[in-house]
Each structure stands twice: as structure tokens, then as C-alpha cells.
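Here is how names work: the chains are called A, B, and so on, in the same order as the sequence lines, proteins then strands, and each is numbered from 1.
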Amino acid sequence: MDGSTLVSPSAEVIAPQRPARPFSPWLEAWRRFRRHRLALASTVVLLLMILAIALGPFVWKVAINDIDFAARMQTPSWSHPLGTDDLGQDLLARMLYGGRISLAVGLSAMFVAMTLGTVIGATAGMSRGWVGPALIWLTDLFLSLPALPLLQLVIYLFRDSLKAAFGLEGGVFVMIVVVIGGLRWMPVARLVRAQFLSLREKEFVEAARALGASKLRQVVRHILPNALGPVLVAATIDVAAAIIAESTLSFLGLGFPPDIPTWGRILYDAKDYLDIAPHWALFPGAAIFLTVLTINFIGDGLRDALDPRKVM
Amino acid sequence: MTGPLLRVKDLTKNFQVGGGFLSRGADVVHAVDRVSFEIAPGETLGLVGESGSGKSTTGRCILRLIEPTAGEVWFEGHEVTALDAAAFRALCRDMQIIFQDPFASLNPRMTVGAIIGEALTIHNLAPTKRAFTDRVVELLETVGLQAEHMRRYPHEFSGGQRQRIGIARALAVEPKLIVCDEPVSALDVSIQAQVINLLEDLQQKFGLTYLFIAHDLSVVEHISKRVAVMYLGRIVEIASARDLYATPLHPYTEALLSAVPVTDPKARRKRIVLQGEVPSPMHPPSGCHFHTRCPIRKLPLCSTEVPPLEQKRDGHWAACHLRS
């Protein structure tokens, strides 16, 4: 077992005395998170990126669709810090604008996938009748669906009605989030179910049952917090996957309209000019990479900080 | 108070093994087979048997942590197995359990205070935050821990301390009956004594009744007033601790007792070594479950007829065709 010490009479009180300080589990988790250097640095970097895409367009006031054929595919310079694309549009402006969409899509799709996966996995893991197997069949069914053709079909079918409901950008955003989230919940569901199946038989859950805890209380207080570690890691990976999936959709021309820049879209447009204008692909690529990397590190840090057994 | 606090009648639990969708026929494990006993208020009944004899399952069935297949459990005149959810939750205040594994029985992500205080929240026993803290501190001190321990997490404690936390959690609802499911089996011998003494002190202080499950006969002898011996899901003998240890009637009990180590190295006594292994509870032997290993068996009687649990002497019950 984890860090257990065999006891002897003299060792009955082994926990060292600590100075008194205000105590709350969240404060404690934050204190532990701060010790995780990489996660802390990643948080700072990610916050800076979010700050940049949130405030950047107000500082860097170049229009995203300002076409200037005199300045096509320029390398970074003072007038265009990240260079320009084949239409002479300023890449910094397009990156700042596109980052809003990419990050929003990534985080929202992750949230959808996590929520769906956790709810379905938890239900499957707690049920003792036919519901559990039925949900797992459903999960396997979704896992066996080929994602890309399905995405194309869904987008073909629903693009227009969603556009009517939420406007052009909003409609595409909702559709992409739902589609990506709706096709990425299965691994989470299986993960959560497996955790639940083993945790629900643990003696501390039995103890809660013996105390008269309702099923909801057992799940929320006892099972879910102990199942969340792997889910958190899966979540951070999912943000990355969602950003890349959005890129793929844009790449295939199924995402946002071509004149709306996202990191994925910029990358797609740049692919034909890799040899003449590598900077064009480099910056959106680096932005996606940095986002994915920082979110992964933050996930690691969170997992460790929320686990009181980890010595930090 | 008259009458027993807990009365178990013909309690049976079968587990289905395998037999999922599309598979041929399921096997059934007969974990508990028509077990009956009573516990008087303030008494300690020891329940002994080797691994797989169904003693833990019996304890969990009483609390309905496992739904029994058949049989009745009466607690203070209420049929436990027939209660609806609300009435059962109320009953949780009267019956509690202490677990064997002090590492698995505490939620690693809750502070000790939250673990002990959970019952107070569930049953609304602490109206204010202040009352909550006071009660948790009181419980901690009752089991020999300190108030400052409530902010710590279970992994910061030793096995013995964790077991004390488990006991405090069970005490939070002021129960009448505590099922102690091998509470000291996972502990060092020196700590075992401390925890047993604590349990005895608490029994005196709060008038608790224990169902004490163990596989260690000397531990059971120390704490129990009466002892029941289980073999393959059935009770084979039940008697006062003194009678059972001095004059065991069932040959299985005799064999068990002969295996207890004696502290005097010069003392010699006859060891009864049983032949073979415990049969599988999936296919228990016919008749008396023990007949395949019994040194005094008489065939075909023992292999065809189930011996009833009869009162052979005053207060001394045994299930054997041959002993009287």
C-alpha cells in the first residue's frame, strides 16, 4: 500500500507537527499545485496566450482581411511581426483572431466530451442491471463509427439549420463543438466506467453505504473524486485533440468558412507554400503545439495537486 | 431489555458466478447457507471460520451491504430485509460496521474530519458548523486520537490509527450494534491488543453489542462472550466462549482449536491435522459439509443427511450426527 509504515507502539503518533495555518482543501490543493514548477509555468504561458488573444486585437488593430498584394508572403518584419500570407494579409492579426476560435473550440469540445463521457461512464459503472451493458454497447458502437465520414455527413446535414439559429460563426462553432465532443466521449466513458467498477466495491464506499449515504452521495463524495485523476489527464489530451480535429475539419473545408481564420485553417492554407514561406505554417503550428503542451502539463499538475497522497 | 437485539434466521446468500449473456448455465456459490443466531444486547458474539467460510458475507448481509438471497434479520423487532429505503436509512444509525483493511476503508481524498463527520451530515446530527467540529473532536478523543488529526488525510496515519478512525466513524451515529469484520487481522500483534482493548472500553462506555468476525481464535476468545464457528457457509457450533474452548463438540472446532499455538513450549498436545483442502463452496459436499475431511465420520449417514444445529448441552449447540 502507499507509503504505509508498519506500526509499533512507539510509532503510534507518526505524523509530524505542522505549524497552524488556515485550512481548506482548495487552498491546500493550490499550495500543492504551486510546487509543480512545470504546471505553474504552463499556467502562466497559457494565461498569457489567452490574454493575447483576448486583448490582442484591441492593441494590434490591423484588419484580418486587409488584402495587400504588394506584401505577399513576407517574412516577419516590423510592419508584419509574423509575416503575411499569399494575399498579403497580416498573420499576427489572423493568429490573434483565430486563437479565440481554436481555444474556445478546444476547451468547449473537451468539456462536452468529458461531461458526456463521465455521465455515461458513471451511469454504466453504477448500474447493476441491464443499463450498464447497454451503455457500453452504445459506447462501442460509437467507437466503431468512422469519424471523418460521419463528421462530413453531420456537417452537410446540419450546417444550414445551425447557421440559421446561431448565425454564421456561432452556428459553425456549436456544430463543431458538438460534433467533436460527441465523437470523443467514448474513451472517457470507458475509463470512468472501469474506475467506477473497481471503486464501488471498495470498503470506504461500503462504509458510506452503511452510514446511509444515498447513491448520489456515494458517487459525488467517494467514487468520482477517486476516479478523476485519469479523467483529468484524458481531458487535457482531449483539448489538444479537439484543436487538431478542428484543424482537420478546416483542412477539409468542413469547418469555418475559408475567410474566417483559425489556427488550423491558417496551417491548412500554408501547406502549399511550405518551401517559399515556412513562417506562415510555423506560427500557427507553434501556437497549437504550445497550447497542447501547456494544457498537458497543467493537467499533470492538477492531478498531483488534487491527490493528497502524493508527496509534494 | 428482554429478548435479543439481533436475531438472524435462516440467512442465505448465493452468488451467481459467470452466466452472462449467451453463456451456458451459471454456477452458484453458496456463501452463506441457512445461518441462524441471536445476539443479546451488550453481548459480543464471535464468528470464526477460515477464509471463504462466509463469515464476512454474513456480517454484510445483516447490514444489507449485500442483499441476502433468503432468510430474515430481525433488529429490535424490525425485519431489516423488509424495510424500505427511508426506514433502512434510519436503521443505519443503529447498526454500523468496522472493516478489516484500514487502508481500503478510508477514502484517501477526504480529511479525517470529513470522514468521521460524514454520518453527521447524512443524518443531520450536527445543526451548526461548531457542533459538527465539536462532535468530531469528541469522537477523535474517544478513540484515542487528537483534535488536530481532523485536518489530516488517512495516508498520514499508521494502520492502528486508521483503524481508530474507522471506529470513530462507526461511533458517530451512536449505534447499538457494530459488526466488526476482522478489525485487527491486518494489524501488528501489539497494535491488535490496543485496538481490542479500545473496543472493549467502548463497549463498556456505550453499551455496544458486537458481532466480532475473525479467523484468529485467541483474539475471539479474549473478547467474546459466545462464539459461533462457521464452515463452508454453515454454523457448525455455537456456545459460550468458555465451553467452546474447553469442550468443543464439533470435530471441526476441535481441529481448529488444536491448531492454536500454545505459549508454553514444553506443553504438548495432540494436533488434529485435517486431510485435504476446504471444498469449493460452488459444489459443497452433500450431507454434512465437513464429512469429506472429518476424522470421525460415519458413512453413509454423514454424506446423505444434513446434521441440524441442535442444543447438545445447556447453551451449547452443534451440528454433528455423532456427537451428543
Side-chain angles (χ1 to χ4, degrees), chain A residues 1-25 27-29 32 128 130 132-134 137 198-199 201-218 221-229 306-311, chain B residues 20-21 60 63-66 85 88-93 95-111 114-115 118-119 121-123 144-146 148-162 164 166 169-170 172-173 179 181 187-188 190-191 193-194:
Chain A
M1 289 301 291
D2 43 285
S4 64
T5 3
L6 279 178
V7 285
S8 65
S10 58
E12 260 295 276
V13 182
I14 53 157
Q17 297 289 323
R18 280 211 219 108
R21 58 186 146 74
F23 180 86
S24 97
L27 211 67
E28 176 74 12
R32 297 163 63 85
R128 287 173 192 268
W130 54 270
W137 285 341
S198 92
L199 284 168
E201 306 295 338
K202 284 267 157 63
E203 285 185 342
F204 63 80
V205 181
E206 268 196 318
R209 283 221 308 278
L211 288 172
S214 63
K215 215 156 202 165
L216 187 70
R217 188 181 181 88
Q218 289 170 38
R221 292 280 287 165
H222 296 275
I223 303 181
L224 204 54
N226 284 290
L228 228 48
L306 293 176
D307 185 350
R309 282 165 299 183
K310 268 270 186 345
V311 178
Chain B
F21 184 59
R60 280 168 162 77
L63 291 161
R64 270 178 68 184
L65 288 175
I66 298 174
F88 178 71
R89 267 184 63 160
L91 193 77
C92 288
R93 293 195 51 188
M95 290 199 289
Q96 274 304 313
I97 181 165
I98 301 169
F99 293 94
Q100 170 177 11
D101 185 348
F103 294 92
S105 60
L106 304 177
N107 186 342
R109 285 177 194 256
M110 282 165 79
T111 59
I115 290 172
E118 183 165 30
T121 322
I122 292 173
H123 297 286
L145 295 169
Q146 282 124 50
E148 83 228 23
H149 287 150
M150 66 183 287
R151 286 175 174 182
R152 304 240 178 98
Y153 286 92
H155 71 275
E156 297 175 59
F157 294 89
S158 66
Q161 287 175 314
R162 283 165 162 240
R164 287 169 192 267
R169 170 176 60 192
V173 290
V179 174
D181 186 7
L187 305 176
D188 274 5
S190 53
I191 305 298
Q194 293 179 10

Open item on the list: Heavy-atom pairs under 4.5 Å with chain A: which of P154(B), A85(B), C92(B) has the most?
Closed with: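 The option with the most such pairs is C92(B).
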Task: Most contacts with chain A, counted as non-hydrogen pairs under 4.5 angstrom, among D181(B), L91(B), I97(B), L106(B) - done: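 Heavy-atom pair counts peak at L106(B).
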Task: R60(B) versus chain A, the contacting section by heavy-atom distance below 4.5 Å - done: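 Answer is side chain: those atoms of R60(B) sit under 4.5 Å from chain A.
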Task: Non-hydrogen atoms of F99(B) and A207(A) that approach each other most closely - done: CE1-CB, 3.4 Å
- [ ] Of all the heavy-atom pairs spanning P108(B) and F204(A), show the shortest one and how long it is.
- [x]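 Shortest heavy-atom separation between P108(B) and F204(A) comes out as CD-CE2, 3.8 Å.
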Could you pull out all donor-acceptor pairs under 3.5 Å where a side-chain atom in residues 209-217 of chain A meets a protein atom, sequence neighbours excluded?
from    : atom 1 : to      : atom 2 : distance (Å)
R209(A) : NH2    : L65(B)  : O      : 2.7
S214(A) : OG     : R217(A) : N      : 3.2
R217(A) : NE     : E118(B) : OE2    : 2.9

Open item on the list: Has N107(B) got a side-chain atom pairing as donor or acceptor with R221(A)'s backbone, closer than 3.5 angstrom?
Closed with: yes
